[in-house]
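Have a look at the structure below before the remarks.
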Amino acid sequence: MLMTKEQEHLAQIFSKALDQVDPYKIITNRLTLSNEVLTVTMDEGNISVNLKDFERILVIGAGKATAKMARAIEDILGDRIESGIISVKYGHTENLKYIKTIEAAHPVPDENGVKAAHMIESLACSATDKTLVINLISGGGSALLPSPMNAEVEGEKITVTLEDKQNVTKALLACGADISEINCIRKHLSNLKGGRLLRCLRPARSLNFILSDVVGDNLDTIASGMTSFDHSTYCDAISIIDHYKLRGKIPPNALKALELGNHGKLIETLKKDEFNAERAENILIGTNRIALLGARDKAIELGYNVQILTSRLDGEAANAADMFWAIAQDERQWELLEKKPACIIAGGETVVTIKGNGKGGRNQEMALSFLMRLGQDKLEGKDIHFLAASTDGNDGPTDAAGGFADGAILNKSRQMGLSIADYLKDNDSYHFLDKVGALHKTGPTNTNVCDVQILIVK
Ligand SMILES: O=C(O)C(=O)CO
């Protein structure tokens with residue numbers, strides 16, 4: 001697509017946001033090896049581990065950004081790594097030498113994910129107190145490491161199958177539950193989530209590098225908190241099932257497991273009093289806020305007056321578009337946030353309650369909803385330019401990171417006779433934006449810290 005100067009700027013600002021949360025760069029900047037002492041530089045005080053204290057180094061992980069993390073670890077530790085396995089989304093790969101990559105499905109798990117989970121679980125269980133385990137965790141990990149629970153209660157086998165987990169995932173994604181609620185259920189139906197991975201690898205020492213793709217950065221929610229203690233309980237899981245009226249929608253085996261857990265017949269997820277902070281270090285290496293700071297720097301360099309609104313934008317994507325439109329008008333009329341040219345930046349993760357049968361993602365839906373607002377503007381958005389995009393490069397089930405909206409795009413869509421309202425009604429933002437050349441495609445970025453929105457008012 002031939003881009004306008006402002007679209008170029010938006011793309012460059014977004015690209016700087018991605019660069020700031022490039023997991024390879026973050027890990028190679030913060031992790032150093034000198035005289036066999038591995039040091040993680042942290043604001044709260046460095047962590048040092050003497051590799052001579054360990055007989056084995058294992059690397060395990062899951063998530064969309066995990067391959068880049070793994071490449072950084074390989075570049076630092078090289079053949080000191082005895083064995084490693086990571087599970088990543090199809091296509092989110094890097095060239096790795098010591099760590100095996102398994103590609104699996106996201107957001108609904110598949111057989112490959114189960115295979116990865118089995119291999120990771122058995123590697124984790126082989127760890128001793130002379131093992132250093134490096135865990136690489138990023139968003140997507142919940143679906144990429146499905147380890148459906150199996151347990152025995154009073155002689156009866158409780159087996160949750162992959163198909164059960166797939167159906168639970170679909171029901172949860174469709175019911176409007178937020179990520180902490182979805183993950184509360186996933187943690188309580190898994191052998192690895194909710195800190196259970198940490199139980200498997202005890203008494204090993206672990207360094208757990210975590211990239212956050214959840215608003216608020218709660219460790220027990222990111223990738224279902226495989227290495228952190230869990231605040232939620234079986235009782236919470238049952239309340240969520242009831243709140244969203246899911247009893248008839250989730251498979252009987254899954255419901256039975258949650259009920260048994262609620263009656264104290266299954267072992268709970270890892271709780272705070274079980275978490276040994278001296279043996280397990282959870283290190284948050286990247287967040288949406290860090291990406292926004294990168295975006296801010298680039299926008300300043302390009303000559304804009306910049307305001308970061310929030311890194312916690314959530315709710316319906318269309319409502320967020322309305323908010324950006326309100327801000328754009330205030331900015332145009334009164335320079336309410338910044339002097340013009342202004343660049344207003346936000347981040348977080350919105351949702352779309354799907355009503356149609358079209359194709360799209362939350363960012364494309366937001367861009368198209370914003371375009372709809374520009375269509376009602378007397379100035380037809382000549383001075384206003386918007387980009388909403390997902391940092392992992394896949395907005396919804398599409399090959400685009402997100403979409404642009406501005407006066408030029410509006411004009412083109414009018415010339416082509418496209419009805420924004422009709423496409424929105426069908427949740428078909430992808431096809432609309434594709435027709436007018438307004439999709440933003442980055443390919444898989446191998447990072448993942450939610451979404452970024454950038455609004456320029458000239
Ligand atoms: O994307 C996932 O895996 C989550 O559960 C949120 O990090």
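These values consider heavy atoms only, across backbone and side chains, with no hydrogens, waters or symmetry-generated copies. Each ligand, and each atom within it, is numbered from 1 in the order the structure gives.
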Under the criterion ring-ring contact (aromatic ring centres under 6.0 Å, His included), I'd like the reasoning laid out for F324 against F370: C-alpha separation, chi angles, the key distance, then a yes or no. CA-CA 8 Å; F324 281 112; F370 190 82; 7.1 Å; no

Please verify the inter-ring angle class for F14 with H440; under 30° counts as parallel, over 60° as perpendicular, anything in between as tilted. perpendicular

Mind checking whether G141 has an N or O less than 3.5 Å away from an N or O of ligand 1? yes

Would K64 count as a contact residue for ligand 1, given that I'm defining contact as a non-hydrogen atom of the residue lying under 4.0 Å from a ligand atom? no

Minimum non-hydrogen distance to atom 2 (C) of ligand 1, winning option of S224, A62, P107, G140: G140

Identify the heavy atoms of A116 and I102 that sit nearest to each other, and give their distance. CA-CD1, 3.7 Å

Whether R247 and E259 form a salt bridge (side-chain N of Lys/Arg under 4.0 Å from carboxylate O of Asp/Glu) is what I want to check. yes

Cationic N near anionic O, under 4.0 Å, R362 to E365: no

Counting each atom of ligand 1 from 1 as listed, which ones have a heavy atom of N183 under 4.0 Å away? 4 (C), 5 (O), 6 (C)

Hey, which atoms in ligand 1 end up nearer than 4.0 Å to a heavy atom of I179? 4 (C), 5 (O), 6 (C)

N or O contact, D213 vs ligand 1, cut-off under 3.5 Å: yes

Which of the numbered atoms in ligand 1 are under 4.0 angstrom from any heavy atom belonging to A223? 3 (O), 4 (C), 5 (O), 6 (C), 7 (O)

Can E301 and R296 be counted as an ion pair, charged N to O under 4.0 angstrom? no

Out of all atoms in ligand 1, which are within 4.0 Å of some heavy atom of I222? Include the element for each. 7 (O)

Report yes if some N/O of V214 lies less than 3.5 Å from some N/O of ligand 1; otherwise report no. no

Do R186 and E181 sit within salt-bridge range, that is, some charged N less than 4.0 Å from a carboxylate O? no

Is it true that E281 and R205 have a side-chain N and a carboxylate O under 4.0 angstrom from each other? yes

Are any of the N/O atoms on A143, whether in the backbone or the side chain, positioned under 3.5 angstrom from an N/O atom of ligand 1? no

Is any N or O atom of S142, backbone or side chain, closer than 3.5 Å to an N or O atom of ligand 1? yes

